[in-house]
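Single-structure report; data block below.
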Amino acid sequence: MIADLKPYPEYKESGLPWLGRVPRHWHQRRMKFLFSERVQKGFQDEPLLAATQSKGVVRKEDYGSRTVTATKDFHLLKLVEQGDFVISLRSFEGGLEVAHCRGIISPAYTILKPSREATEGYYSRFFKSPDFIRSLTLFVTGIREGQNIDYERLSRAYMPLPPEDEQVAISRFLDWANGRLERAIRAKRKVIALLNEQKQAIIHRAVTRGLDPNVPLKPSGIPWLGDIPQHWQVRRLKSLCQFVTSGSRGWARYYADAGMVFLRIGNISTTSIDLRLKRISYVTPPSGAEGERTRALPNDLLLSITAQIGAVGVVPNGLGEAFVNQHTALIRLRTERSLPRWVAYGLLSKFGKDQCRLMTNGGTKVGLTLDDVRCLFVLLPPPDEQVRLVAAIETKTRALDIAISRLEREIELLREYRTRLVADVVTGKLDVRAAVAKLPDETDDLEPLDDADELAEGDENEEREGFDEVTEGAEA
């Protein structure tokens, strides 16, 4: 059915370079007539909200520790009603976010109340479309950090307005299409999860027992671990480190389009010790001790201490100057005693993840402290054996990594197709009216993503740190 979609029979010029032609019968309205600004404060008993790219505007308590939590001056926070739209003036790369519930949010956000003509289903998709997001650059003031959307200018901009029944049809068709595409994506992710389980079993066996099944064993002294090879040592991470630190707060102000690499949670993984560098942020950090302290060098370990707690990576050669953010522990080892990739595999293994889970009280504690990180146990074979074990792990998991990479690419293509389909439908490039008439009455409800599903999608769904910084500043 998707493949059968065709353009509308007649078009007209919208007069908007970023939008181009629109169906002849569609109208256009200034933003301020479709969405009025809501500025209501003094609702301190309402739940705190978080604005996210992946889930829209949701209750803070449902989004965990990935955003800053207000601690005072709740009466200054703005009221958001279900169905409102939220703009972060400093972080709008993902478009405008729709609110799924009532609550309060930082006064740094602009809250938009839709008029009767503007249906949530249509505009929640239109405001996330690449064409609209690109148009927001027309309403920006400032340079890079410090950029803001000038809402007064945005309010005067024209937006497409399909007939109300057509807005509903577009929303229904995209619900149906997304259901089909999401099922295909989830099926591939289930296969990825099974492959990662196999990979995890290989790693865990290697980092707790080694390669020789007949090696003499001894008690590890760790009740929940059991026996380990007799000639291995159990050491605290702090005894193997030069130092453990983390990034500085407030570095969102130093973001840049180019410069030095800024390593974030989205660059490290719970399934691989190789950094994910497809999407990189850049900073122009301040000179002085703070910049030097958070500088990452080749063979440093990165460990997530919030959100994806226990995700780990090794800084590769050739990355250039790089720094870490506040949610990441930077671990610099004494390499004469421990191979960085061996220690990283130990932290990535079930043994390492179990330690992180126990240190966070099974997930009830917000995150790991740097003292927690220093106290992590590391199993330490002789250096030459560490080299052999790392080589064995990577040889045995190579085919799994290739299969996982292929499936991830297929998922990426499906997502790109979905993004393009939504953009073409909400901007009138494709006519869905005939297709909607053939859809079954029942809806294809999908179970909501759990945390593991969401985190598997990587940094695409990482909470925008710009939101965190704005909220923190407004609520301090």
Side-chain angles (χ1 to χ4, degrees), residues 7-8 11-23 26-35 51-54 56-57 85-98 109-110 112 114 118 120-162 167 170-171 174 177-178 252 255-258 266 278-282 412-430 457 459-467 470:
Y8 283 83
Y11 285 87
K12 63 183 178 182
E13 291 296 333
S14 68
L16 304 173
W18 60 271
L19 184 59
R21 299 194 310 158
V22 295
W26 285 20
H27 301 293
Q28 290 174 242
R29 293 282 190 278
R30 290 189 187 274
M31 184 81 160
K32 63 183 177 181
F33 296 125
L34 294 174
F35 298 89
T52 76
Q53 286 189 19
S54 57
V57 182
F85 287 85
V86 168
I87 310 175
S88 168
L89 297 185
R90 287 173 59 196
S91 282
F92 43 84
E93 294 89 348
L96 278 57
E97 311 297 344
V98 66
Y109 294 84
T110 296
L112 301 180
E120 173 193 321
Y122 171 76
Y123 283 100
S124 64
R125 292 173 171 87
F126 176 78
F127 288 150
K128 301 287 284 184
S129 66
D131 297 313
F132 173 75
I133 292 172
R134 282 192 293 270
S135 79
L136 291 176
T137 59
L138 301 172
F139 312 106
V140 164
T141 60
I143 55 173
R144 190 53 192 177
E145 182 50 40
Q147 280 188 345
N148 291 280
I149 289 183
D150 184 335
Y151 179 67
E152 286 303 313
R153 290 169 57 195
L154 178 61
S155 70
R156 296 192 295 271
Y158 281 97
M159 299 291 147
L161 178 65
Q167 292 181 45
I170 288 171
S171 178
L174 291 176
N178 182 65
Y255 281 162
D257 293 321
K278 182 178 177 182
R279 299 185 182 185
I280 298 179
S281 297
Y282 297 95
E412 183 180 0
L413 291 172
L414 285 171
R415 288 185 181 143
E416 289 174 359
Y417 175 75
R418 178 171 60 187
T419 299
R420 189 66 261 164
L421 175 66
V422 171
D424 286 346
V425 170
V426 299
T427 57
K429 306 298 187 294
L430 294 173
E457 295 189 12
D459 60 350
E460 176 180 54
N461 287 330
E462 184 182 350
E463 176 66 7
R464 276 169 281 175
E465 290 182 54
F467 276 20
V470 170

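This structure is a prediction, so every number in the text was calculated from the model and none was measured.
You'll find the side chain of Val426 reaches within 4.5 Å of the side chain of Leu174, heavy atoms only. Side-chain contact between Met159 and Phe126 is present, with at least one heavy-atom pair separated by less than 4.5 Å. Annotation: side chain of Pro160 is in contact with side chain of Tyr122 (closest heavy-atom distance under 4.5 Å). Counting only heavy atoms from C-beta outward, the side chains of Ile87 and Leu154 approach each other to under 4.5 Å.
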Do Phe127 and Phe85 pass the ring pair (Phe, Tyr, Trp, His ring centres under 6.0 Å) test, and can you show the C-alpha distance, the side-chain angles, and the key distance before you say yes or no? CA-CA 9 Å; Phe127 288 150; Phe85 287 85; 5.1 Å; yes

Full working for salt bridge (charged side-chain N to carboxylate O under 4.0 Å, His left out) between Asp424 and Arg125: CA-CA 11 Å; Asp424 286 346; Arg125 292 173 171 87; over 6 Å; no

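Pairing each heavy atom of Ser14 with each of Leu19, the nearest pair is OG-CB, 3.8 Å. Nearest approach of Trp26 to Val425, heavy atoms of both residues: CH2-O, 4.1 Å. Across every non-hydrogen atom of Leu34 and Ala118, the tightest pair is O-CB, 4.0 Å. Pairing each heavy atom of Asp131 with each of Trp18, the nearest pair is O-CE3, 3.5 Å. For the pair Met31 and Leu112, the tightest heavy-atom approach, listed with the atom from each and the gap, is CE-CD1, 3.7 Å. When every heavy atom of Tyr158 is checked against every heavy atom of Arg30, the shortest pair comes out as OH-NH2, 3.5 Å.
Rounded to the nearest 0.5 angstrom, Leu430 CG and Ile170 CD1 are separated by 10.5 Å. A distance of 3.5 Å separates NZ of Lys128 from CD of Glu97, quoted to the nearest 0.5 Å. The distance from the CG atom of Leu421 to the OH atom of Tyr417 is 5.0 Å, given to the nearest 0.5 Å.
Here the side chain of Tyr11 pairs a donor or acceptor atom with the backbone of Gly428 at under 3.5 angstrom. Within the 3.5 Å criterion, the main-chain N or O of Gln167 finds no donor-acceptor partner in the side chain of Ser171.
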